[in-house]
Amino acid sequence: MTINNVPRAFARFIPAALALSLLAAGTAGAADRKHPANPQPQAAAPADREAVNHAREATACLKLAERAPDAAFDSALTWEDRGGGDMARLCQAMALFHQGQFQAAATRLEDLVPTLGSNTAEGAASLFARAGWAWLRAGISDRAERAYGAALERTPQDPELLIDRAFARAEAQRYQDAVEDLNRAIAIAPNNAESYVYRAGAYRSLGKQDKAMEDVQRALALEPSNPEALLLRGNLRAAGGNQDGARADWQMVTKVDPDTANARAASDNLNRLQTGQVAK
């Protein structure tokens, strides 16, 4: 995703560790409901051993979903028949995501919130956040914004969620709303360079070049080699007629972040600069 051609690397999907924490919360909640008046630890029962087996199954299935989603989906269906329940359905959602079936994945993730996300606000927020990313990948920005909004209702002080929702709003060309989310993210975490980079991108889209450059410089003061900040500063410098400065920034991007979307964008801009075209 981009705010005015500034890439956004959404890395916060559901790792195995988070999935296992959701499983543990569900198991603990079930145990509390069954034995509300008995706080003493009990010897492992067959059901407890079965829960451990499901934990191992969750780890294996979620890892498989990333590298072989078709096989993971089939495995999760079998696991669900064997009592895998919501964790098996979570793995199915993950497999669908990695298959590129983003809308189906988003729907399933949201459907899991009342159960897997019922014990902690963080668990519900995480599921909504991942659904939001899936909606974005599906190109449905309004559903993405709603999902991120639901996540923020659970954990309103999460700056990463605010950045994510800013991207959903920017996808709908609601750049001022994106700026407002990024303002909040910066107030919560003022030393996060990422927030300044993306607010700079939003300001650029609003035609506020001076504010955009101020934010880029703040980001680079925090992270001098931040490739997204360097890419955007190069774009801003080129727009302002500073071709030498733009060239230096884009060349730096190709060095510090090779073989990435940032490097490809920088290389494209260097080629355009050489042929007298306008940088993107």
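Of all heavy-atom pairs spanning C91 and A72, the tightest one is SG-O, 4.4 Å. Taking both residues in full, the closest heavy atoms of G234 and A246 are given as O-CB, 3.3 Å, listed atom of the first, atom of the second, then distance. The minimum heavy-atom distance between A144 and L136, with the atom names listed, is CB-CG, 3.6 Å. Between L232 and G201, the shortest heavy-atom distance links the atoms CD2-N, 3.6 Å. Shown here for V216 and A229, the closest heavy-atom pair between the two residues is CG1-O, 3.6 Å. Summarising the geometry of P159 relative to A185, their closest heavy-atom pair is O-CB, 3.8 Å, with the distance given to 0.1 Å.
L273 and L231 fall within a single hydrophobic cluster, where Ile, Leu, Val, Met, Phe, Trp and Tyr are joined by side-chain heavy atoms under 4.5 Å apart, directly or via other members. The cluster map of Ile, Leu, Val, Met, Phe, Trp and Tyr, joined by side-chain heavy atoms under 4.5 Å apart, puts L222 and L162 in different clusters. Under the 4.5 Å side-chain contact rule for hydrophobic residues, F102 and W135 do not share a cluster. Y175 and I186 end up in different hydrophobic clusters when Ile, Leu, Val, Met, Phe, Trp and Tyr side chains are linked at under 4.5 Å. I140 and L109 fall into different hydrophobic clusters, where Ile, Leu, Val, Met, Phe, Trp and Tyr are joined by side-chain heavy atoms under 4.5 Å apart, directly or via other members.
Side-chain contact between R165 and R184 is present, with at least one heavy-atom pair separated by less than 4.5 Å. In this structure, the side chains of K211 and L206 stay at 4.5 Å or more apart for every pair of heavy atoms. Counting only heavy atoms from C-beta outward, the side chains of T254 and N262 never approach each other to under 4.5 Å. The closest side-chain heavy-atom distance from Q173 to S205 is not below 4.5 Å. Looking at heavy atoms from C-beta onward, D111 lies in side-chain contact with T107 at the 4.5 angstrom threshold.
For D210, the CG atom counts as loosely surrounded, since its 6.0 Å shell holds 12 or fewer non-hydrogen atoms of other residues, nucleotides or ligands.
Hydrophobic cluster of L96: the remaining members, joined at side-chain heavy-atom separations below 4.5 Å, are F73, L77, listed by chain and number.
Within the model, atoms CZ of R154 and OG of S126 stand 12.5 Å from one another, a figure rounded to the nearest 0.5 Å. Atoms CD and CG, from E223 and N191 in turn, are 10.0 Å apart once rounded to the nearest 0.5 Å. Taking CD from Q217 and CG from L220, the interatomic distance works out to 6.0 Å, rounded to the nearest 0.5 Å. In this structure, N192 CG and E160 CD are separated by 6.0 Å, a value rounded to the nearest 0.5 Å. A distance of 7.0 Å separates CZ of R89 from CG of L112, quoted to the nearest 0.5 Å. Atom CZ of residue R272 and atom OG of residue S267 lie 10.5 Å apart, to the nearest 0.5 angstrom.
Ring geometry for Y198 versus F167: interplanar angle over 60°, hence perpendicular rather than tilted (30 to 60°).
Of the possible polar contacts, one joining the S118 side chain to the T115 backbone as a donor-acceptor pair under 3.5 Å is found. Within the 3.5 Å criterion, the main-chain N or O of E214 finds no donor-acceptor partner in the side chain of Y196.
With sequence neighbours excluded, the residues forming a side-chain hydrogen bond (donor to acceptor under 3.5 Å, both in side chains) with D70 are Q99, listed by chain and number. Scanning for side chain to side chain contact (heavy atoms under 4.5 Å, CB included) contacts around N242 gives R237, D244, with sequence neighbours left out.
Not less than 6.0 angstrom separates the ring centroid of Y148 from the ring centroid of F128.
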Would E110 and R143 count as a salt bridge (Lys or Arg N to Asp or Glu O under 4.0 Å) if you check the C-alpha gap in whole Å, the side-chain angles of each, and the deciding distance to 0.1 Å? CA-CA 11 Å; E110 289 182 341; R143 291 294 299 268; 3.1 Å; yes

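Taking 4.0 Å as the cut-off between side-chain N and carboxylate O, R218 and D215 count as a salt-bridged pair.
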